[in-house]
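As structure tokens, the structure follows; a few thoughts come after it.
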Amino acid sequence: MPKWADVILIPLISILLAAILSAMVILAIGENPWAALKLMVDGALGSTYGWGYTLYYATNFIFTGLAVSVAFHARMFNIGGEGQAVLGGLGVALACLYVPWPHWSVALLGATLAAALFGAAWAAIPAFLQAKRGSHIVITTIMFNFIAAALLNYLLIGALKVPGSMEPATAKFPQAAHLPSFQDMFNWGDTTMFRGAPANVTFFVAIAACVAVWALIWRTRLGYEIRSFGHSESAAKYAGISPTKIIMVSMLISGGLAGMMAINNVQGEAERLVLNAVEGAGFIGIAVALMGRSHPFGVFLAALLFGFLYQGGAELALWTSIPRELIIVIQALVILFTGALDNMVRMPLERLFLAMRRA
Amino acid sequence: MDFATLLQMLDATVRLATPLLLACLAGLYSERAGIFDIGLEGKMLAAAFLSAAIASVTGNVWLGLMAGIGASLLLSIIHGLASITFRGNQLISGVAINFLAAGLTVVIAQSWFAQGGRTPQLSGDGRFSSVTLPFAETLRDVPILGPIYYELISGHTPLVYFAFFMVPVTWWVLYRTRFGLRLRAVGENPAAVDTAGVSVVFLRYAAVGICGVLCGIAGAYLATALQAGFTKDMSAGRGYIALAALIFAKWRPWHALYACLLFGFLQAMVLRSDVVERVLGFSLNGQFLDVLPFILVVLLTGFVGKATAPKAGGEPYVKER
């Protein structure tokens with residue numbers, strides 16, 4: 001099969017299948033899929049406000065999608081992006097609350113470091129258990145999602161809560177830690193774009209992360225080792241690559257990337273740490289990585305699509321009787337078709353291309 | 001703590017352990033046959049929804065149970081297609097099934113009943129009622145044993161007895177029948193089973209099917225016996241706790257029972273935090289108790305001991321040509 005078919009055609013067909021089934025679900029609950037799509041496009045892409053939300057969500061998904069991708073390259077499945085992003089949020093909150101930053105750019109640097117450190121730390125234990133004790137990484141990372149949620153809940157009703165307040169949330173971060181939003185950046189006198197939308201400077205950090213991950217995976221010795229380990233563990237071992245090292249390093253990078261999502265949603269948007277701040281973005285990372293074929297550019301495109309779906313879905317829930325959970329259905333279908341049922345599309349296509357070559 | 005309170009706690013343990021046990025045994029069949037299943041949660045949730053929906057529409061809980069099993073089986077077939085027929089990644093398929101159930105149940109419930117993603121409250125024949133075992137009333141006054149029989153053993157819904165009955169049945173099927181031997185073999189070394197002329201595909205589909213039926217019963221139990229109706233996300237991580245129990249039990253049926261009873265007891269402690277506080281003299285954090293099963297499993301099967309999954313688990317079987 002030619003490369004373009006593998007990289008473009010198969011994902012496109014998979015997404016088309018997911019889209020058709022989603023349309024059938026919308027039809028089945030008595031709504032018009034075409035009208036729904038138009039509403040979503042209008043709501044998510046029809047104004048700079050809509051774009052501001054779409055790009056904000058996409059920023060989250062770029063980080064979690066990259067996180068899952070890096071683990072995929074080492075043939076590991078990191079379902080723990082959710083928990084790692086929760087811990088990243090904790091790191092950002094501690095950095096923003098307890099360090100007097102002189103300027104937002106330094107604060108961004110410090111918070112990014114804290115987020116990555118906390119996220120990586122949360123991935124370290126499952127990685128260690130996988131490398132040394134044979135516990136399955138998928139099971140441990142799932143469990144760590146639950147443990148992270150409980151830990152955050154415990155801290156937000158205890159040590160980190162504002163004294164006297166009933167709300168389980170930290171205090172608001174100081175003004176110096178405020179990241180410039182798109183509204184601050186794209187403001188020329190009388191024309192203010194992205195008014196009120198949460199997209200912020202983190203979007204550019206996410207793009208930088210895409211480039212960095214691309215360079216790491218395809219342009220460094222470590223990336224080469226990660227990929228060879230992912231292709232064949234025994235061959236990598238034979239070539240002198242340490243499995244323990246690759247499992248640990250790739251999971252630490254993965255956890256760090258997932259944690260870095262927190263600079264967008266915690267420092268950039270909420271400017272304080274609240275319960276359930278991650279909102280399932282860690283899981284959407286799975287769909288994004290699968291759809292993007294674990295390539296940073298693919299992840300970027302897939303994250304944009306999911307950002308659109310997320311913002312469009314919110315608009316749908318606002319204007320029609322279609323609940324927001326429809327997005328979860330679409331997400332599930334994308335994971336199913338681009339991930340689990342990949343061969344369902346691939347096998348007949350391979351046969352088709354073989355037949356064409358013979359002819 | 002007096003005797004009556006202890007019995008109440010244990011009674012709650014039994015009720016809360018039942019869905020865990022059914023899901024855990026479901027996972028046991030599937031994983032022993034070499035098909036990892038992290039979609040237990042989703043299958044339970046789908047079954048909980050459809051059983052409650054059908055029970056509320058027809059007023060017959062048994063029809064609800066059948067519908068619940070049907071919903072769970074359908075998801076099992078998707079899992080089987082993805083992981084057996086199309087040799088896809090079993091874990092990814094499980095994740096997809098969990099999200100599919102989490103999303104579809106709310107979307108359908110909202111358009112069907114328009115009650116914010118829940119089904120109407122079930123009552124009367126729409127719910128499983130408890131069974132009073134023979135002589136429970138007459139033996140009630142016998143000291144110690146009487147209350148144990150009356151409070152703890154009698155007075156549960158039929159599904160509870162079914163779940164506990166499934167433990168010896170599963171043991172017998174796995175270790176005393178030809179089917180069970182083949183099932184275990186296909187999870188360890190499918191090539192050997194294939195060489196012996198037994199169909200790997202059939203065995204794995206059978207295991208996934210049994211898993212679907214048991215998950216369906218677990219879900220129906222949640223919505224029509226433990227509670228009265230479906231609410232959004234009502235499985236609340238039970239599928240994952242069942243998975244934890246399965247690892248804790250190292251994929252063995254009797255140990256699965258003990259693990260599920262232990263985790264059920266932890267859930268009963270959350271439910272009766274007043275009792276726990278009275279006995280211990282201080283209150284335990286409910287959040288902590290909720291995730292204690294996971295912490296226990298990570299500590300005891302990760303750091304201290306070791307739990308080795310069936311060898312061929314997670315790997316699609318490809319016949320050599």
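First the proteins, then the strands, lettered A, B, ... as listed; each starts at 1.
- Scanning both residues, Phe146(A) and Val291(B), for their nearest heavy atoms gives O-CG1, 3.4 Å.
- The two atoms that bring Lys306(B) and Arg133(A) nearest to each other are CE-O, 3.0 Å, heavy atoms only.
- Interface summary for chain B: among Asn153(A), Ile157(A), Leu326(A), the most heavy-atom pairs under 4.5 angstrom belong to Asn153(A).
- Here the closest non-hydrogen pair linking Val298(B) and Met143(A) is CG2-SD, 3.9 Å.
- Looking at Ile97(B), there are no atoms closer than 4.5 Å to chain A (heavy atoms on both sides), in backbone or side chain.
- Proximity to chain B (any heavy atom under 4.5 Å) is shown, for Ile330(A), by neither the backbone nor the side chain.
- Neither the backbone nor the side chain of Val334(A) has a heavy atom closer than 4.5 Å to any heavy atom of chain B.
- The nearest pair of heavy atoms linking His136(A) to Leu91(B) is CE1-CD1, 3.8 Å.
- Remark: Ile335(A) CD1 to Asn98(B) CG distance equals 9.5 Å, nearest 0.5 Å.
- Within 6.0 Å of atom NZ in Lys232(B), 12 or fewer heavy atoms from other residues, nucleotides or ligands are found, so the atom counts as exposed in its surroundings.
- A 6.0 Å sphere centred on CZ of Arg118(B) holds no more than 12 heavy atoms belonging to other residues, nucleotides or ligands.
- Residue contact with chain B, scored on non-hydrogen atoms closer than 4.5 Å, involves the backbone and the side chain of Leu336(A) alike.
- Of the listed residues Trp112(B), Phe288(B), Phe303(B), Phe36(B), the one with more heavy-atom pairs under 4.5 angstrom with chain A than any other is Phe303(B).
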Could you give me the CA-CA distance, side-chain angles and deciding distance for Tyr240(B) and Asn145(A), then say whether side chain to side chain contact (heavy atoms under 4.5 Å, CB included) is met?
CA-CA 11 Å; Tyr240(B) 298 114; Asn145(A) 285 340; over 6 Å; no
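- With a 4.5 Å cut-off on non-hydrogen atoms, Met347(A) touches chain B through its side chain but not through its backbone.
- Contact annotation for Ile295(B): both backbone and side-chain heavy atoms come within less than 4.5 Å of a heavy atom of chain A.
- Counting heavy-atom pairs under 4.5 Å between each of Glu325(A), Arg324(A), Gln130(A) and chain B puts Glu325(A) at the top.
- For residues 276-292 of chain A, the interface with chain B (any heavy-atom pair closer than 4.5 Å) comprises Phe283(A), Ile286(A), Leu290(A), sorted by residue number.
- Both the backbone and the side chain of Ile29(A) come within less than 4.5 Å of a heavy atom of chain B.
- When each of Ile125(A), Leu151(A), Ile79(A), Val138(A) is checked for heavy-atom pairs under 4.5 Å with chain B, Val138(A) comes out on top.
- Both the backbone and the side chain of Ile147(A) have a heavy atom closer than 4.5 Å to some heavy atom of chain B.
- At a 4.5 Å heavy-atom cutoff, the contact between Ser111(B) and chain A is made by side-chain atoms alone.
- Between chain B and the residues Asp342(A), Thr140(A), Ile142(A), the most heavy-atom pairs under 4.5 angstrom are made by Ile142(A).
- Between Phe86(B) and Asn343(A), the shortest heavy-atom contact is O-ND2, 2.7 Å.
- For a residue to count as touching a neighbouring chain, one of its non-hydrogen atoms must lie under 4.5 Å from one of that chain's; by this rule Phe337(A) does not touch chain B.
- With a 4.5 angstrom heavy-atom cutoff, Ile322(A) does not touch chain B via any of its atoms.
- In Arg75(A), the CZ atom is not crowded: 12 or fewer heavy atoms of neighbouring residues, nucleotides or ligands sit closer than 6.0 Å.
- In terms of heavy-atom proximity, Val329(A) sits nearest to Leu104(B) at CG2-N, 3.4 Å.
- In this structure, CD1 in Ile92(B) is found 4.0 Å from CZ in Phe72(A), a value given to the nearest 0.5 Å.
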